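Heads up: the structure comes next, in structure tokens.
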Amino acid sequence: MANENLAKAADLLRSGKLVAIPTETVYGLAADARNPDAVARIFEVKQRPAFDPLIIHLASADEASEYVQGLGPRFQKLYAAFSPGPLTYILPKTAAVPDMVTAGHSTVALRFPNHPLTRQLLQDIEFPLAAPSANMFGRVSPVTAQHVKDQLGHKIEMILDGGPCQVGLESTIIDLSKNKLEVLRLGGLALEEIESVLGEKISAVKTSSSNPKAPGMLSAHYSPGIKLLHGNVCENLKLINPARTGSISFCQKIKGIPKPNQRVLSPRCDMREAAASLFSALRSFSKTDIDVILAEHFPEEGLGRAINDRLKRASVK
Ligand code: TXA
Ligand code: MG
């Protein structure tokens with residue numbers, strides 16, 4: 001069955017069609033990265049602004065040389081430690097990457113996803129896959145095939161179901177195109193792990209709507225479609241009617257909020273488990289009649305930083 005689905009996905013992609021693919025981070029909406037018409041369709045389906053560049057996905061670094069102008073020692077160290085996995089590398093691009101993919105930038109984002117189905121698919125096809133997260137622009141990224149179906153099912157040719165995503169947060173993006181190292185998006189690989197492999201301190205860029213360095217990192221993103229307050233839950237609870245309130249917390253229940261409205265992301269206080277549960281928790285409120293979500297501030301370390309980043313963006317109107 002899996003093989004049949006893989007063969008079908010490969011054929012659709014070869015003929016310029018879109019296929020949603022599972023990765024360890026979130027589901028992607030994939031097209032042949034060398035085919036500008038197919039890539040244009042990604043922007044159309046997601047209603048994504050054309051200024052926001054896409055990541056290209058490859059099976060291994062052996063295939064990267066055609067698309068980037070050299071990898072360099074920092075890439076080699078990080079690749080050996082973390083790829084395949086939830087890390088995306090920004091590097092100077094070659095002419096083989098269409099401008100449509102990079103939104104006219106001279107750099108390209110490369111990722112080597114770690115999901116068995118998608119790794120096999122990337123080995124079977126003859127081209128890289130351009131793939132953003134498989135959600136409508138500005139909304140929460142999908143971590144199950146059903147999430148993709150709910151938003152995009154009627155618009156795309158196929159969803160390759162690879163089960164729930166294990167990491168549950170988008171990849172961490174590191175800019176290797178300049179001397180100064182910068183993380184452009186906190187994500188599924190903790191900044192501390194990258195720093196320990198490279199032996200240097202790295203700054204995480206604070207992007208804003210007016211000057212986004214990773215153009216997709218606008219301050220308002222990840223909208224759950226319901227008002228969200230991020231911060232001290234007990235203080236915020238004093239301001240509102242608890243009966244129509246939901247909560248997102250790390251490992252503790254929140255006194256005063258009805259039990260069915262509470263989402264405790266990891267009762268055993270495991271940050272990886274919390275990260276993997278975050279996006280499903282955000283989506284789960286759309287089927288309820290609550291007016292506001294109170295989200296706790298997570299410990300500002302490791303994946304907790306990426307969780308806070310997503311909650312902060314989800315709280316911007
Ligand atoms: O985990 C992930 O990275 C998922 C899976 C599907 O691989 N993909 C994903 O793609 O999150 P997307 O398009 O939702 O987010 C990609 C981010 C955007 O914020 C975009 O602006 C940034 O990567 N980006 C892409 N190319 C870039 C470039 N050349 N320079 C700076 N930022 C870039
Ligand atoms: Mg996205």
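Keep in mind the model is a prediction, meaning the values are calculated, not measured. All ligand and atom numbering here is 1-based and tracks the order in the structure. Counting begins at 1 with the first residue of the sequence.
For Leu110 against Ile55, the heavy-atom pair with the smallest separation is C-CG2, 4.3 Å. For the residue pair Ala20 and Ile156, the shortest heavy atom distance occurs at CB-CD1, 3.9 Å.
Few gaps surround CD on Glu200; more than 12 heavy atoms of other groups in view lie less than 6.0 Å from it. Around atom CD of Gln76, more than 12 heavy atoms belonging to other residues, nucleotides or ligands sit under 6.0 Å away. Few gaps surround NZ on Lys155; more than 12 heavy atoms of other groups in view lie less than 6.0 Å from it. Applying the 6.0 Å contact sphere to CD of Gln262 captures more than 12 heavy atoms from other residues, nucleotides or ligands.
Looking at Thr25 and Arg111, their side chains do bring a donor and an acceptor atom within 3.5 Å of each other. Between the side chains of Ser266 and Arg272, no donor-acceptor pair of N or O atoms lies under 3.5 Å. Between the side chains of His230 and Asn308, at least one donor N or O lies within less than 3.5 Å of an accepting N or O.
Set against the non-hydrogen atoms of Gly28, the atoms of ligand 1 under 4.0 Å away are 6 (C). Against a heavy-atom cut-off of under 4.0 Å, Ser171 is close to the following atoms of ligand 1: 1 (O), 2 (C), 3 (O). The distance from ligand 1 to the heavy atoms of Ala109 drops below 4.0 Å at these ligand atoms: 25 (C), 26 (N). Which parts of ligand 1 touch Arg48 is read off a 4.0 Å heavy-atom cut-off, strictly below it: atoms 12 (P), 13 (O), 14 (O). Interface of Ser133 with ligand 1, defined as ligand atoms under 4.0 Å from a residue heavy atom, comprises 8 (N), 9 (C), 10 (O), 12 (P), 14 (O).
Of all the listed residues (Ile42, Ile173, Val26), Ile173 holds the heavy atom that lies closest to atom 23 (O) of ligand 1. For atom 31 (C) of ligand 1, the candidate residues are Ile56, Val101, Leu184, Leu29; the nearest heavy-atom contact is made by Leu184. Here atom 33 (C) of ligand 1 lies nearest to Pro53 when heavy atoms of Ala131, Ala30, Pro53 are compared.
Between the Thr102 side chain and the Val108 main chain, no donor and acceptor come within less than 3.5 Å of each other.
Counting heavy atoms under 4.0 Å from ligand 1, residue Thr107 touches it through both backbone and side chain.
For the Mg ion (ligand 2), the nearby protein N/O/S atoms, meaning those under 2.8 Å, are Ser133 OG.
Geometrically, Arg310 does not engage Phe298 in a cation-pi contact, judged by NZ or CZ lying under 6.0 Å from the ring centre and within 45° of the ring axis.
At least one N or O atom of Arg111, backbone or side chain, sits closer than 3.5 Å to an N or O atom of ligand 1. Any N or O atom pair closer than 3.5 Å counts here, and His57 shares at least one such pair with ligand 1. For ligand 1, the polar-atom distance check against Asp52 finds a nitrogen or oxygen pair separated by under 3.5 Å.
Annotation: disulfide (SG to SG under 2.5 Å) contacts involving residues 272-317, sequence neighbours excluded, are absent.
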